[in-house]
There are 2 protein chains.
Amino acid sequence: MPGMHPVLAGHTGFLLSRVGGKARRRFAARLADVGLNFRMWGALSVLDAEGPITQQALGRCVGIDPSSMVATIDALEAAGLVERRPHPSDRRAHALAITPAGRATLADGRRLAADAQEELLSLLSAEERGQLHQTLLKLATA
Amino acid sequence: MPGMHPVLAGHTGFLLSRVGGKARRRFAARLADVGLNFRMWGALSVLDAEGPITQQALGRCVGIDPSSMVATIDALEAAGLVERRPHPSDRRAHALAITPAGRATLADGRRLAADAQEELLSLLSAEERGQLHQTLLKLATA
DNA sequence: TATTGTTATACTCTATAACTATA
DNA sequence: TATAGTTATAGAGTATAACAATA
């Protein structure tokens with residue numbers, strides 16, 4: 001942003017919050033082109049990688065709490081991208097499954113997410129990107 | 001966070017959004033001890049550094065839009081930390097000024113913000129912190 | 001005409017608490 | 001007793017549009 005005051009630009013935590021919000025908004029704006037929001041994209045990505053899984057297990061992987069997960073899966077199911085199937089051994093739970101349409105949308109979503117990331121990080125060298133990624137990974141898993 | 005899936009942990013943009021949110025929540029939790037939220041702290045910090053300034057000019061420095069600025073200044077004024085004084089040459093505008101109580105609260109806020117940042121970045125070496133800061137600065141000012 | 005501050009409004013994201021049906 | 005999913009709800013945070021007073 002133009003016009004950020006030096007007294008704030010000196011705070012790493014402030015910058016982190018600011019840049020994080022910018023990243024989220026840019027991702028969301030791109031993903032909206034295929035009808036996904038940030039959380040739908042995350043859930044769909046993990047579901048594709050993991051196969052059938054319960055809502056709450058998926059939520060733990062993506063960082064979405066159980067009650068917020070309901071709305072996320074509702075939206076994905078309404079769009080035909082995910083199915084709630086009966087869980088084979090626990091009648092309380094659902095076995096979530098990505099549909100063929102879900103895989104197709106996810107493929108588009110991946111491209112859009114890659115575009116958004118490229119826009120965001122275009123000023124950084126490959127080395128800077130690598131360092132940033134490693135550092136963020138430490139902070140995220142702490 | 002424990003349990004973040006590799007397919008998401010591989011996205012720098014996802015990590016940025018996640019860690020940014022974590023930073024914001026931690027700052028907010030600490031600052032709440034002195035009655036400040038994240039935006040009040042930013043506005044108070046810049047106001048202290050800049051002296052009398054209009055609401056919208058302050059908003060541009062902190063990254064708050066004019067309509068959100070109203071509520072932020074309302075809260076600061078209700079707490080006695082800021083005063084809306086008449087602007088000397090423009091009767092539409094206010095000249096915002098930090099009060100002595102505002103300076104005292106800001107001093108506490110600075111300590112709490114420093115604590116929050118230390119908690120957040122404790123896993124990083126001084127060199128990693130410096131690199132992270134420079135990289136975020138590039139991304140924030142782009 | 002343009003700008004400052006304001007109000008009303010709405011939308012997103014997130015979290016909490018309570019409920020049901022199962023385990 | 002505990003857990004999976006659900007519902008209702010509420011609180012941030014943020015943005016938009018329209019307005020009055022003033023430039």
| For DNA chain C, which nucleotides open and close the run of contacts to chain A, 5' to 3', at under 4.0 angstrom from a non-hydrogen atom? | dC13(C) to dA23(C)
| If you look only at pairs with a residue in residues 96-106 of chain A, which of them pass as a salt bridge (Lys or Arg N to Asp or Glu O under 4.0 Å), with sequence neighbours excluded? | Asp48(A)-Arg103(A)
| Restricting to pairs with a member in residues 130-142 of chain A, which pass salt bridge (Lys or Arg N to Asp or Glu O under 4.0 Å), not counting sequence neighbours? |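 Matches after skipping sequence neighbours: Lys138(A)-Glu128(B).
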In residues 32-43 of chain A, what donor-acceptor pairs under 3.5 Å come from side-chain atoms, sequence neighbours left out?
unit_1   : atom_1 : unit_2   : atom_2 : d
Asn37(A) : OD1    : Arg39(A) : N      : 3.1
Asn37(A) : OD1    : Met40(A) : N      : 2.7

| Letter per nucleotide, 5' to 3', of nucleotides 4-14 of chain D [B base touched, S only sugar-phosphate touched, - untouched; heavy atoms, 4.0 Å] | BBBB-----SB
| Out of Glu118(B), Glu119(B), Gln117(B), which residue meets the side-chain contact (heavy atoms from CB on, under 4.5 Å) rule with Leu121(B)? |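 Single pass found, and it is Gln117(B).
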| Regarding Ser68(B) and Asp65(B), is there a side-chain donor-to-acceptor distance under 3.5 Å anywhere? |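 Per modelled atom types, Ser68(B) and Asp65(B) side chains form a pair under 3.5 Å.
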| Quick one: do Val70(B) and Leu81(B) end up in the same hydrophobic cluster if we chain Ile, Leu, Val, Met, Phe, Trp and Tyr together by side-chain heavy atoms under 4.5 Å apart? | no
| field | side-chain contact (heavy atoms from CB on, under 4.5 Å) partners for Ala116(B), two or more places apart | value | Arg26(B), Phe27(B), Arg30(B)
